[in-house]
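To keep things clear, I will list the structure first and then write my remarks on it.
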Amino acid sequence: MPLDQTALLAELEPVVATNLDRHLALAKEWFPHEYVPWSEGRTFDGLLGGEPWRPDDSKLPDVARTALIVNLLTEDNLPSYHHEIATLFGRDGAWGTWVHRWTAEEGRHGVAIRDYLTVTRGVDPVELERARMDHMQSGYVNVHGHEVLHSIAYVAFQELATRISHRNTGRATGDPIAEQLLARVAADENLHMVFYRNLLTAAFELAPDQAMRAVANVTADFRMPGAGIAGFGRKAILIALAGIYDLRQHRDEVLAPVLRQWNVWDRTDLRGDGERAREELAAQMSELETQAARFEEKREVRRRRHGES
Ligand SMILES: [Fe+2]
Ligand SMILES: [Fe+2]
């Protein structure tokens, strides 16, 4: 008999407790204010009569600006994410402690990136604030919001995707201060990924067919949490063209290593629907390979045409 959602939460609670301790031992305290060059700041127009933002205030390359906006708006939607995981995982015991701890750590990311962008005049602050209002008012809904294992699989992939996106965005800024800040944020995302990845490892031991089904379904309809941002499709293409986050990275640096950790290809404990789910996943991975190769070819042609190396 498959385990129901309540049983899954109860069975995984000791694993949450162990991994929470592990997380707390590894997580380093850090302070957003130390990462921001405050002396570069200038008062803006409006109430205080300073200078309005102008495009040439920003020293950031266009694509780094786009990626920073997407990453920040994604972090900004934290109230929705908190709602989704608190509703599913609960606010009691080890699950609840994790939910709140994770939320507090994520809150630091948005604060740090916003302070950096505002002080350095990296993006138009009016446009950014309007985009934040727009994005948060749409909210975020986890499409697998009632399924524990699907949600854990999703966040394991998503935290790693976010890690890579922050790290590569940092490099794309050409600013050592931004790079340092985003590397720090990326290190947090990595620990989050490890936490969720370990939970699903335990779920594979507990209920291999259900875990495998969850992974195949989540991989099939994976969308970044920021997919609801206005103009996301166009922004995502620019980000992919710049190699900050593209299908190749999604397949080879996010999905493949996590799937390997779960030993999905060599498991001998799958039956029935678990076996079918693994076959579906294999087909998805090869389809992603085709799409990633096609995108890389197109990008290469485009680069040559634009005389880029
Ligand atoms: Fe974050
Ligand atoms: Fe995270």
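Every number for a ligand or one of its atoms is a count from 1 in the order of the listing.
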> Do we get Arg197 above Trp262's six-membered ring, with its NZ or CZ under 6.0 Å from the centre and within 45° of the axis?
Replying inline: no
> Considering the options Met193, His166, His109, Arg163, which one meets the side chain to side chain contact (heavy atoms under 4.5 Å, CB included) requirement together with Asp188?
Replying inline: His109
> Which value, rounded to 10°, describes the ND1(His192)-the Fe ion (ligand 2)-OE1(Glu189) angle?
Replying inline: 110°
>> Nearest N/O/S atom of His109 with respect to the Fe ion (ligand 1), by atom name, please.
In response: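 So the atom name we want here is ND1.
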> Of all the N, O or S atoms in Glu159, which one sits nearest to the Fe ion (ligand 2)?
Replying inline: OE1
> For the residue pair Phe157 and Phe222, does the interplanar ring angle fall in the parallel (under 30°), tilted (30 to 60°) or perpendicular (over 60°) class?
Replying inline: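 The rings of Phe157 and Phe222 stand perpendicular, inter-plane angle above 60°.
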> Once the angle between the rings of Phe89 and Tyr196 is folded into 0 to 90°, is it parallel (under 30°), tilted (30 to 60°) or perpendicular (over 60°)?
Replying inline: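 Correct class here is tilted.
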>> So that I can check it, does any N, O or S atom in Glu106 come closer than 2.8 Å to the Fe ion (ligand 1)?
In response: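 Short answer: yes, at least one N, O or S atom is under the cut-off.
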>> When you measure from the Fe ion (ligand 1) to the N, O or S atoms of Glu75, does any of those distances fall below 2.8 Å?
In response: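 Yes, since at least one N, O or S atom of Glu75 sits under 2.8 Å from the Fe ion (ligand 1).
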> Where do Phe44 and Trp53 land on the ring-ring contact (aromatic ring centres under 6.0 Å, His included) test, with the steps shown first?
Replying inline: CA-CA 7 Å; Phe44 286 99; Trp53 184 86; 8.8 Å; no
> N/O/S atom of Asp188 under 2.8 Å from the Fe ion (ligand 2), yes or no?
Replying inline: no
